[in-house]
Amino acid sequence: MYNFAQHYRIGVFRLLDRSLNLDFYFGDKMSNVKKIDYSELINFKKELRNIKIFSNIYYQKGAISTFFKPYNKYIFLGEYYCISTWIILFLCFFSKKRIYLWTHGWYGNEGIIKTVIKKIFFNSSNGIFLYGNYAKELMIKEGFDLNKLHVIYNSLDYEKQFFVRKSLKISSVFKNKFNNDFPTLIFIGRLTKVKKLDILLDAQKKLKQKGELYNVVFVGEGDEFDTLKTKAIREDLINNVWFYGASYNEEQIGSLVYNADLCVSPGNVGLTAMHTMVYGTPVLTHNSFSSQMPEFEAIEESVTGCFFEKGNVNSLIKSISNWFEKSNNKREEIRQNCFDKIDTFYNPSFQLEVINKVLNEK
């Protein structure tokens, strides 16, 4: 049971659908995120109505009735602000039914009230599926039972992306666009304020003043599109900035990412890390892990990417310069490092293996 059938989760949902005897229930809305075509899931049962109560707090109409169906195990999205999930956790306490929460878990920036609420919520479950080891270690320090914490990482449509990757090759896509051979920095995702993409342009400008020239490519759309484009024009960067726009075509995305040199995500990195690393491009993002998304763990310093001090343009500039200085002539080695990280951990098969093992424990 999930808050919404996000299109980018089709890989793991499809594999779970094929491999396990389970049913799917999804909430009906989540801002403007693209929805999965339910026909792709054989065992899709019902769309639930997400009813907003206050701020982020909501209730899934139709969720509680599933408790009275002949299910003996449940996997819920572990959002503690979903009231219906609290109710089912409470009901399961009086039955032999088992409930597992799929969640980010702990961030490390929780205050006293949030800590108390999250401890009650997570401890009410039989097991917790986490996106990363960072959260697991924090939860162990908070006193959670190690045996209830299971790291499954995260994934995109890996099966499709792996197929696309096999056909990728070095091309002149950026040389044709920019008429130069400068290194290319890329960002893929929604162009929103929280991504702090303006400081990437600030860094590009200052690097240019130092004589270090880079192209920047934004793949995506969002509220900051006009602001960023205006800034690029005002700072005389527009000839070296490509606003590619949004794309759901993996062949196009794969070619762009594969031929880029470094993905730069000045704000939280999230799914962007997996989407670029699956096509062999390393990632640079900020080092304030308590405010990061779990996917930052895929970045291994000098192996699959690097970090800079959050919000610090000069630190970002230094990290970009250092990366290209140290990685000179190592592009293919780094490409393979990125492949290996995704192929080993950040894919639906790894997630299925862990989930299946946990569900079958006695």
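For reference, positions follow the sequence shown, starting with 1. When reading the values below, keep in mind they use all heavy atoms of this one structure, side chains included, and skip hydrogens, waters and symmetry mates.
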Aromatic rings Phe289 and Phe296: how do their planes relate, parallel, tilted or perpendicular, breaks at 30° and 60°? parallel
A side-chain contact here means heavy atoms from C-beta on lying under 4.5 Å apart; do Gln292 and Glu297 qualify? no
Can a side-chain donor-acceptor contact be found between Asn3 and Asn50 if the only test is distance below 3.5 angstrom? no
If you group Ile, Leu, Val, Met, Phe, Trp and Tyr by side-chain heavy-atom gaps below 4.5 Å, do Phe182 and Leu284 land in one group? no
May I ask you to check whether over 12 heavy atoms, not counting those of Asn249, lie within 6.0 Å of atom CG? yes
Is it the case that atom NZ in Lys193 sees more than 12 heavy atoms from other parts of the structure closer than 6.0 Å? no
Test of ring centre spacing under 6.0 Å for Phe26 and Phe13: yes
Before giving the answer on side chain to side chain contact (heavy atoms under 4.5 Å, CB included), spell out for Trp242 and Asn215 the whole-Å C-alpha distance, their side-chain angles and the decisive distance to 0.1 Å. CA-CA 8 Å; Trp242 187 5; Asn215 301 314; over 6 Å; no
Are Pro266 and Phe308 packed together at the side-chain level, in the sense that at least one heavy-atom pair is separated by less than 4.5 angstrom? yes
Kindly confirm or rule out a cation-pi arrangement of Arg9 over Tyr2, judged by NZ or CZ under 6.0 Å from the six-membered ring centre and within 45° of its axis? no
Does the side chain of Glu212 come within less than 4.5 Å of Phe324's, by heavy atoms? no
Ring centroids only, cut at 6.0 angstrom: are Tyr248 and His7 within range, meaning strictly under it? yes
When you compare the side chain of Asn314 with that of Lys206, does any pair of heavy atoms fall below 4.5 Å? yes
So if you build clusters from Ile, Leu, Val, Met, Phe, Trp, Tyr with side-chain heavy-atom gaps below 4.5 Å, do Phe4 and Leu41 land together? yes
Flag if over 12 foreign heavy atoms under 6.0 Å of NZ, Lys229: no
Criterion side chain to side chain donor-acceptor pair (under 3.5 Å) on Thr272 and Arg190, from CA distance to verdict: CA-CA 10 Å; Thr272 296; Arg190 288 195 56 76; over 6 Å; no
Tell me whether the count of non-hydrogen atoms from other residues, nucleotides or ligands lying under 6.0 Å of CZ in Phe90 goes above 12. no
Could you go through the side chain to side chain contact (heavy atoms under 4.5 Å, CB included) check for Trp323 and Asp261 one step at a time? CA-CA 10 Å; Trp323 175 262; Asp261 296 290; over 6 Å; no
Under 4.5 Å between any side-chain heavy atoms of Glu142 and Thr115, yes or no? yes
Do we see a donor-acceptor contact under 3.5 Å between the side chains of Asp340 and Thr344? no
Would you say the side-chain atoms of Tyr153 and Asn347 include a donor-acceptor pair closer than 3.5 Å? no
Nearest 0.5 Å, what's the OH-CD distance between Tyr244 and Gln252? 3.5 Å
Can a side-chain donor-acceptor contact be found between Ser39 and Asp37 if the only test is distance below 3.5 angstrom? yes
Would you please test Lys177 and Val217 for side chain to side chain contact (heavy atoms under 4.5 Å, CB included) and show each step? CA-CA 10 Å; Lys177 170 64 181 178; Val217 179; over 6 Å; no
Give the cluster check for Val12 versus Tyr346: same hydrophobic cluster or not, with ILVMFWY residues linked at side-chain heavy-atom distances below 4.5 Å. yes
Does NZ or CZ of Arg335 lie under 6.0 Å from the centre of the six-membered ring of Tyr258, at an angle within 45° of the ring axis? yes
Does Tyr38 OH have over 12 foreign heavy atoms under 6.0 Å away? yes
Please tabulate, for side-chain N and O atoms in residues 104-113, each donor-acceptor pair with protein atoms closer than 3.5 Å (sequence neighbours left out).
residue	atom	partner	partner atom	Å
His104	ND1	Tyr107	OH	2.3
Trp106	NE1	Glu110	OE1	3.2
Asn109	ND2	Ser290	O	3.2
Glu110	OE1	Gly108	N	2.9
Glu110	OE2	Tyr107	N	2.8
Glu110	OE2	Lys118	NZ	2.7

Would a hydrophobic clustering, with Ile, Leu, Val, Met, Phe, Trp and Tyr connected at side-chain separations under 4.5 Å, put Ile186 with Tyr8? yes
If you round to the nearest 0.5 Å, how far is OG of Ser125 from CZ of Phe93? 13.0 Å
Does Phe94 CZ have over 12 foreign heavy atoms under 6.0 Å away? yes
Contact check, side chains of Lys136 and Leu146, non-hydrogen atoms, under 4.5 Å: yes
Would you mind reporting whether Tyr279 and Glu250 have side-chain heavy atoms less than 4.5 Å apart? yes
Kindly determine whether Leu130 and Thr103 satisfy side chain to side chain contact (heavy atoms under 4.5 Å, CB included), including the steps that lead there. CA-CA 5 Å; Leu130 296 166; Thr103 174; 4.1 Å; yes
Are the ring centres of Phe218 and Phe243 closer than 6.0 Å? yes
For the pair Glu40 and Lys160, find out whether any cationic side-chain nitrogen is under 4.0 Å from an anionic carboxylate oxygen. no
So, Lys231 and Asp202, do they make that salt bridge, N to O below 4.0 Å? yes
Met293 reachable from Phe129 in the ILVMFWY side-chain graph, under 4.5 Å edges: no
Does some side-chain heavy atom of Leu101 sit less than 4.5 Å from a side-chain heavy atom of Thr85? yes
For the CZ atom of Phe174 and the CG atom of Asn240, what is their distance to the nearest 0.5 Å? 13.0 Å
Spacing of Gln161 atom CD and Met277 atom CE [to the nearest 0.5 Å]: 12.5 Å
Name all residues meeting the side chain to side chain donor-acceptor pair (under 3.5 Å) criterion together with Ser291; count only those two or more places apart in sequence or in a different chain, and write none if there are none. Ser288, Lys310
Considering only NZ, NE, NH1 and NH2 on the basic side and carboxylate oxygens on the acidic side, decide whether Glu224 and Lys195 come within less than 4.0 Å. no
Just by distance, with hydrogens left out, do Asn360 and Asn356 show a side-chain donor and acceptor under 3.5 Å apart? yes
Should the pair Lys97 and Phe67 be classed as cation-pi, given the thresholds of under 6.0 Å to the six-membered ring centre and 45° from the axis? yes
Is the closest basic N to carboxylate O distance between Glu361 and Arg98 below 4.0 Å? no
